[in-house]
Amino acid sequence: MMNLAMNEHRLAKPGPQNAALRDYDSVRRAIAFISEHWRAQPTIEAMADAAAVTPDELHHLFRRWAGLTPKAFMQALTLDHAKGLLRDSASVLDAALDSGLSGPSRLHDLFVTHEAMSPGEWKNGGAGMTLRYGFHPSPFGTAIVIASGRGLAGLAFADPGEEQAAFADMKRRWANATYVEDRDGTSGLAQRIFDTRMWRADQPLRVVLIGTDFEVRVWETLLKIPMGRAVCYSDIANKIKNPKASRAVGAAVGRNPVSFVVPCHRALGKGGALTGYHWGITRKQAMLGWEAGQVGVH
DNA sequence: ATCATTTTAATCG
DNA sequence: CGATTAAAATGAT
């Protein structure tokens, strides 16, 4: 019988698809190593060793992964570089959107149109709603894409073996919704999200923001941060006219269900430190390093 | 009571 | 004095 087994995401076939996952896994190990030993000025050799590849492979790996040399990548992870990302951070938020928008906003470099949904409208944990989901390879590990009829509702990431745990984490947010696996239905979304060449204004990505007023305001602000830039939590607090709520902003940023698309990884501490990330600081570093490589490409 | 913050005060060398 | 911690302040869930 040729039934489509429901939980068969573990049978990953080798191929170009999974090259992405394998690449990220090595990158992840390299980053983890750097995080631990950055004080000791690790050599490329030491990094390669930690990632279980040769220095030559490491070089090639980074070029393929983000178009960056290992050296450039390392620099993209330094505190100095992070501070550079924060340059003019406050004004970045002002400039972006205030320039002639009418109707659906042009937000982010990944053109996104969003629609807010209060917890009230999403009554009782999403009871009666149907959410389609799928697991897809991405530059940052396995991505879990969750879509409602109105658009993209959730995006999560998982390391090898943790896919189900990550999915459970997402399910908790809309506990009473009905979940239907539909990998074919979500693969288009996944492709559009991670391939910068598909970031076009004529085909904006529809996103549904489900959260409280305050949270939605914070997430909308995040969407204004351009690729390769960053702001600190207090900048956001100022932008939403609640200057003393930087702490609350941090909490709200962390609750964003559509990570990466809503660029929560571009929010840093005031000093440039990566203060936290729901899917792991390592992944936040990876995203910033990857973006550093994408910016040059164009 | 918790939190992916920030500021200020206190301490150390 | 500069750098590194500790404590207090603060707003939303």
Side-chain angles (χ1 to χ4, degrees), chain A residues 28 31-32 34-36 38-41 76-83 85-93 108 116-126 140-141 143-144 154-159 162 165-166 169-176 209-225 229-291:
Chain A
R28 180 173 55 91
I31 295 174
I34 296 171
S35 302
E36 283 182 53
W38 63 275
R39 285 175 185 280
Q41 304 248 13
L77 297 188
T78 61
L79 197 58
D80 261 9
H81 187 266
K83 285 175 181 167
L85 294 185
L86 287 175
R87 181 177 52 89
D88 301 326
S89 57
S91 55
V92 162
L93 292 178
H108 202 231
M117 217 173 212
S118 70
E121 303 175 74
W122 197 266
K123 57 189 165 197
N124 193 24
F140 313 109
I144 305 171
L155 180 59
F157 294 95
D159 290 334
E162 294 176 13
D169 180 282
M170 287 312 277
K171 270 178 161 173
R172 224 173 293 132
R173 296 166 195 248
W174 311 292
N176 299 322
L209 264 27
I210 301 162
T212 64
D213 263 359
F214 182 80
E215 287 169 339
V216 171
R217 268 197 323 267
V218 168
W219 299 338
E220 287 175 336
T221 306
L222 285 176
L223 282 167
K224 297 179 190 171
I225 311 171
R229 297 301 305 272
V231 304
C232 64
Y233 298 96
S234 56
D235 285 336
I236 299 175
N238 278 310
K239 186 61 185 177
I240 62 178
K241 301 287 180 6
N242 215 334
K244 287 180 230 149
S246 52
R247 180 110 187 238
V249 165
V253 170
R255 243 172 263 128
N256 159 40
V258 198
S259 54
F260 187 74
V261 171
V262 174
C264 42
H265 56 280
R266 295 183 196 146
L268 314 180
K270 172 149 271 185
L274 279 61
T275 43
Y277 194 71
H278 188 82
W279 306 109
I281 298 266
T282 302
R283 209 179 307 271
K284 186 169 180 175
Q285 284 183 297
M287 286 176 178
L288 292 168
W290 181 82
E291 290 194 348

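Within every chain, numbering begins at 1; the chains are lettered A, B, ... in the order of the sequence lines, protein sequences first and strands thereafter.
Atom CG in A/Asp213 sits roughly 12 Å away from atom C1' in C/dA12 (whole-Å rounding). Note: CD1 (A/Ile281) to P (B/dA4) measures 10 Å, nearest angstrom. In this structure, the CG atom of A/Asn238 is 13 Å from the P atom of C/dG11, given to the nearest Å. Between A/Leu86 atom CG and B/dT5 atom C1' there is a gap of 14 Å when expressed in whole angstrom units. Here the P atom of nucleotide B/dC3 and the NE2 atom of A/His278 are 13 Å apart, to the nearest Å. As rounded to whole Å, 13 Å separates atom P of C/dA9 from atom NZ of A/Lys244. A/Asn242 places its CG atom 9 Å from the C1' atom of C/dA12, with the value rounded to the nearest Å. For the pair A/Lys239 NZ and B/dT5 C1', the computed distance is 20 Å after rounding to whole Å.
Nearer to the 5' terminus of DNA chain C, by closest-nucleotide assignment, is the contact made by A/Arg247 (compared with the other of A/Arg255 and A/Arg247).
Remark: A/Ser234 is in phosphate contact with B/dT6, judged by side-chain N or O atoms under 4.0 Å from OP1 or OP2.
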Working for ring pair (Phe, Tyr, Trp, His ring centres under 6.0 Å), residues A/Phe140 and A/Trp279:
CA-CA 10 Å; A/Phe140 313 109; A/Trp279 306 109; over 10 Å; no

Begin from the C-alpha positions of A/Lys284 and A/Leu268 and carry the test side-chain contact (heavy atoms from CB on, under 4.5 Å) through to its verdict.
CA-CA 10 Å; A/Lys284 186 169 180 175; A/Leu268 314 180; 4.0 Å; yes

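Residue contacts shown for A/Ala248 include a base, since a base heavy atom lies under 4.0 Å away. Backbone-only contact: A/Phe214 has heavy atoms under 4.0 Å from sugar-phosphate atoms and none from a base.
The side chain of A/Cys232 lies closest to B/dT6, out of B/dA4, B/dT6, C/dT13. You'll find that the side chain of A/Ser246 is closest to B/dT6, out of B/dC3, B/dT6, C/dT13.
Pairing each heavy atom of A/Ala143 with each of A/Leu155, the nearest pair is CB-CD1, 4.1 Å.
C/dA8 is paired with B/dT6 under the Watson-Crick or G-U wobble criterion, all donor-acceptor distances under 3.5 Å.
At a threshold of 4.5 Å between non-hydrogen side-chain atoms, the residues A/His278 and A/Ser259 do not count as touching. Taking the side chain as every heavy atom from C-beta outward, A/Trp219 and A/Val258 never approach each other to under 4.5 Å.
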